[in-house]
**Q** 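My structure is below; once you've seen it, I'll send some questions.
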Amino acid sequence: MKAAVIVFPGSNCDRDMKVAIEQSMGHSPAMVWHADTDLPETDLIAIPGGFSYGDYLRCGAIAGNSPIMREVVKKAKVGTPILAVCNGFQVATETGMLPGALLRNANQKFICKDVDLKVAANNERFVGAFETGQTVRFPVAHHDGNFFTDDETLARLEGEGLIAFKYSDEDGNVTDTTNINGSRNNIAGIYNEAGNILGLMPHPERLISDQLGGTDGKTFFDNLINSLS
Amino acid sequence: MKARVTISLKNGVLDPQGKAIEHALHGLGFEGVNEVRQGKIIELDLGDISTDAAPAEVEKMCTQLLANTVIENYTVELLD
């Protein structure tokens, strides 16, 4: 099992991602610089959180056009599993690997706290450790996490079981009150149609030990690494 | 040849920054403002590109990078 973490200028969760993968996999992932044009052989690509290129133009827009992302998009098309977290999710939508876009939070605030998420649709590879309908707790830390897509795409995401996580309360109730950032249908994370890409705003890599306040992230990464090994 | 690209959010896409500006204007007494939408302007100096080639070139820049057509509209003005 091999993994690679993409690093952009302005990434700030790349090392958290490395530690989380390392803890579950037993050895380090390759750290791949944005200007590289070759990806090492890998079974998992992680696009981490942060503020790539200072969020200039639009969040993820410039990173989405960086040299390494051309290779990542090629790998995505042949089915390589990709985990895109926070800014990584924004980058993935900018490249068209995932539908929709992430807008400024509806309340204009940077939101930094642990949130409850309902596992909305299962995908063994990514969330096999959880039951559909159960809740998990991951932290969010974003200013632009307000998921937007048109009505047609939204209906397709709902209809085809491509919504991974929804902002909920701890009992799994998905309401306007639990919608922290104005995302359509409380969407916190989605899969692509082929199911090999998961993009999500919350950070599973930030809750991987009791010392950090919880282990739902460790459960997530243990399952992900196991399913790809 | 220079070009000016104006980018704005599509109708129906929530614009929290526009909303905040609208509230601030109301706070200053500009009660007549019904809605504010915020966008951006990008100015390009295209050197000595021909007038014939410029529109297609800027169009490509818009679709590949400058605008996200999932949420944004853009217009291009060519300036001498």
Side-chain angles (χ1 to χ4, degrees), chain A residues 52-53 55-67 69-70 73 87 89-111 142-154 156-157 176 179-187 190 192 199, chain B residues 2-28 30 33-47 49 54-79:
Chain A
S52 56
Y53 299 88
D55 276 352
Y56 292 168
L57 190 62
R58 292 178 308 277
C59 303
I62 297 178
N65 286 285
S66 63
M69 283 311 297
R70 284 178 217 131
V73 170
N87 186 223
F89 186 13
Q90 295 162 342
V91 173
T93 59
E94 280 286 341
T95 61
M97 291 194 292
L98 288 172
L102 283 312
L103 301 171
R104 179 56 48 100
N105 294 341
N107 67 1
Q108 285 273 33
K109 290 180 180 160
F110 187 96
I111 305 168
H142 62 246
H143 208 167
D144 299 84
N146 176 353
F147 181 80
F148 176 85
T149 191
D150 57 49
D151 292 342
E152 196 183 322
T153 310
L154 189 65
R156 189 171 60 78
L157 291 172
D176 285 348
N179 191 352
I180 57 166
N181 56 21
S183 292
R184 293 207 77 183
N185 290 21
N186 287 46
I187 289 174
I190 56 171
N192 65 331
Chain B
K2 291 186 178 175
R4 183 181 294 139
V5 180
T6 306
I7 296 165
S8 54
L9 285 170
K10 287 181 175 175
N11 286 337
V13 175
L14 182 71
D15 179 4
Q17 293 177 101
K19 215 52 168 170
I21 296 167
E22 181 186 318
H23 288 151
L25 287 171
H26 289 167
L28 289 169
F30 297 103
V33 178
N34 289 328
E35 193 185 15
V36 178
R37 304 284 285 170
Q38 181 184 287
K40 60 183 87 140
I41 290 175
I42 297 175
E43 290 180 333
L44 305 165
D45 183 340
L46 300 168
I49 191 170
E57 191 71 359
V58 178
E59 179 75 19
K60 273 199 279 180
M61 293 180 201
C62 289
T63 54
Q64 286 179 30
L65 178 65
L66 301 181
N68 178 344
T69 54
V70 173
I71 48 172
E72 293 170 328
N73 290 324
Y74 60 87
T75 55
V76 178
E77 269 176 278
L78 294 174
L79 316 164

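Here the structure is a predicted model, which is why all the values come from computation and not from measurement. So that the names make sense, note that chain A is the first sequence line, chain B the second, and so on, each numbered from 1.
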**Q** Does B/Asn11, at its CG atom, have more than 12 non-hydrogen atoms belonging to other residues, nucleotides or ligands within less than 6.0 Å?
**A** no
**Q** Which atoms of B/Ile7 come close to chain A, meaning under 4.5 Å heavy atom to heavy atom: side chain ones, backbone ones, both, or neither?
**A** neither
**Q** Would you name the heavy atoms of B/Leu65 and A/Ala61 that are closest together and state the gap between them?
**A** CD1-O, 3.8 Å
**Q** To the nearest 0.5 angstrom, please state how far the CG atom of B/Asn68 sits from the CD atom of A/Gln90.
**A** 11.5 Å
**Q** Heavy-atom distance under 4.5 Å to chain A: side chain of B/Gln64, backbone, both or neither?
**A**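 When you check distances to chain A, only backbone atoms of B/Gln64 fall under 4.5 Å.
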**Q** Quick check for you: to the nearest 0.5 Å, what is the distance between A/Arg104 atom CZ and B/Leu9 atom CG?
**A**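 Interatomic distance, A/Arg104 CZ to B/Leu9 CG, rounded to 0.5 Å: 11.5 Å.
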**Q** Evaluate B/Val13 against A/Leu103 for side-chain contact (heavy atoms from CB on, under 4.5 Å), listing each step before the verdict.
**A** CA-CA 9 Å; B/Val13 175; A/Leu103 301 171; 3.5 Å; yes
**Q** In terms of heavy-atom contacts, does OH of A/Tyr56 have more than 12 from other residues, nucleotides or ligands at under 6.0 Å?
**A**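 Not buried by this count: 12 neighbours or fewer within 6.0 Å.
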**Q** Could you tell me which portion of A/Asn146 (side chain, backbone, both or neither) has an atom closer than 4.5 angstrom to a non-hydrogen atom of chain B?
**A**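 It is the side chain, since no backbone atom gets that close.
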**Q** Which atom names give the shortest non-hydrogen contact between B/Pro16 and A/Ala106, and what distance separates them?
**A** CB-O, 3.9 Å
**Q** Can you give me the closest heavy-atom contact between A/Arg58 and B/Lys40, atom names plus distance?
**A**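 Shortest heavy-atom contact: CG-NZ, 3.8 Å.
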**Q** From B/Ile71 CD1 over to A/Asp150 CG, what is the distance, rounded to the nearest 0.5 angstrom?
**A**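 Those atoms lie 12.0 Å apart.
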